[in-house]
Amino acid sequence: QVQLVESGGGLVQAGGSLRLSCAASGRTFSVYAMGWFRQAPGKEREFVAAFSWNGGSAYYADSVKGRFTMSGDKAKNTVYLQMDSLKPEDTAVYYCAASRTPIFTIVIVKNKNEYDYWGQGTQVTVSS
């Protein structure tokens with residue numbers, strides 16, 4: 001099992017920044033990729049970004065490309081999501097997820113069904 005704990009959410013004005021963190025514990029050696037998803041009220045959970053511990057560039061949803069940056073610190077088993085130029089439409093609960101699937105392509109990582117473990121979520125609210 002892998003446990004994921006997110007932190008860093010909060011309330012911010014449009015144009016501001018937040019940094020989310022996701023700390024992993026347990027059988028982390030089995031994890032190949034990490035992802036961030038978000039879910040706004042009344043909407044489906046959607047892909048935001050993904051990152052592989054085996055290197056390569058991160059993937060981003062078109063809606064956040066150029067504004068969000070995902071990174072990781074393997075020594076701490078922690079991934080981060082730096083969110084800049086936030087917009088009201090970024091308001092959602094943000095979830096961290098871990099995948100054991102050893103394939104890192106956009107088709108795989110944007111599919112929430114490919115993730116084996118999920119955090120409890122952290123609320124991000126962007127006011128206009």
Side-chain angles (χ1 to χ4, degrees):
Q1 288 288 344
V2 174
Q3 294 77 41
L4 303 173
V5 179
E6 303 102 331
S7 61
L11 173 65
V12 65
Q13 287 189 331
S17 298
L18 281 175
R19 189 175 84 152
L20 305 183
S21 300
C22 173
S25 61
R27 300 172 63 87
T28 56
F29 61 86
S30 66
V31 174
Y32 190 85
M34 301 287 292
W36 286 99
F37 287 75
R38 67 186 181 186
Q39 189 167 16
K43 293 189 176 182
E44 293 285 323
R45 190 170 299 190
E46 65 174 5
F47 168 76
V48 174
F51 169 91
S52 171
W53 292 117
N54 288 277
S57 300
Y59 289 114
Y60 299 95
D62 288 343
S63 58
V64 307
K65 203 171 292 183
R67 301 187 297 121
F68 290 11
T69 303
M70 185 173 181
S71 61
D73 184 335
K74 187 57 176 172
K76 297 181 179 180
N77 281 320
T78 299
V79 294
Y80 306 96
L81 185 67
Q82 177 67 41
M83 305 186 295
D84 299 319
S85 303
L86 282 161
K87 304 175 181 180
E89 51 264 44
D90 294 318
T91 295
V93 177
Y94 283 70
Y95 296 91
C96 174
S99 172
R100 297 178 298 174
T101 302
I103 303 172
F104 190 66
T105 66
I106 185 62
V107 172
I108 294 294
V109 301
K110 69 185 296 185
N111 183 352
K112 58 182 179 291
N113 295 318
E114 291 288 346
Y115 290 83
D116 304 284
Y117 308 102
W118 292 86
Q120 82 287 353
T122 185
Q123 176 71 46
V124 171
T125 302
V126 184
S127 64
S128 57

Interatomic spacing from CG in Leu18 to CG in Asp84 - rounded to 0.5 Å: 9.5 Å

Gap between atom CE of Met70 and atom SG of Cys22 - 0.5 Å precision: 7.5 Å

Intermediate values then yes/no, side-chain contact (heavy atoms from CB on, under 4.5 Å), Thr101 and Tyr32: CA-CA 6 Å; Thr101 302; Tyr32 190 85; over 6 Å; no

CD-CD distance between Glu46 and Gln39, expressed to the nearest 0.5 angstrom: 9.5 Å

Stepwise side-chain contact (heavy atoms from CB on, under 4.5 Å) check, Glu6 with Tyr94: CA-CA 8 Å; Glu6 303 102 331; Tyr94 283 70; over 6 Å; no

Path from Leu86 to Trp36 over hydrophobic side-chain contacts below 4.5 Å: yes

Within-4.5 Å side-chain heavy-atom neighbours: Leu4 and Tyr95: no

Heavy-atom pair of closest approach, residues Gln82 and Ser17: NE2-CB, 3.9 Å

Transitive ILVMFWY side-chain link Val93 to Tyr115, under 4.5 Å: yes

Val2 with Val109, same ILVMFWY side-chain cluster at under 4.5 Å: no

Expected output: side-chain Ser99 to main-chain Glu114 donor-acceptor under 3.5 Å: yes

Heavy atoms of other groups near Lys43 NZ, more than 12 under 6.0 Å: no

Validation row: Phe47, Tyr59 side chains within 4.5 angstrom (heavy atoms): yes

Minimum-distance pair of heavy atoms, taken over all atoms of Ser21 and Thr78: CB-CG2, 4.4 Å

Close side-chain approach of Asn54 to Phe104, heavy-atom, < 4.5 Å: no

Cluster link Val48 to Trp53, ILVMFWY, side chain under 4.5 Å: yes

Face-on cation placement of Arg45 at Phe37 ring, 6.0 Å and 45° thresholds: no

Side-chain heavy-atom pair Tyr60, Arg67 within 4.5 angstrom cut-off: no

Which atom of Pro88 lies closest to which atom of Ala14, heavy atoms considered: CD-CB, 4.1 Å

Heavy-atom pair with the smallest gap, counting every atom of Thr28 and Asn77: OG1-ND2, 3.5 Å

Heavy-atom side-chain contact between Asp90 and Arg38 under 4.5 Å: yes

same_hphob_cluster(Tyr80, Val124) at 4.5 Å side-chain heavy-atom cutoff: no

Closest contact, heavy atoms only, Ala98 versus Met34: CB-SD, 3.7 Å

Donor-acceptor under 3.5 Å (Tyr117 side chain, Cys96 main chain): no

Side-chain ion pair, Asp62 and Lys65, N-O less than 4.0 Å: yes

Polar side-chain atom of Thr91 near backbone of Val126 as donor-acceptor pair, under 3.5 Å: yes

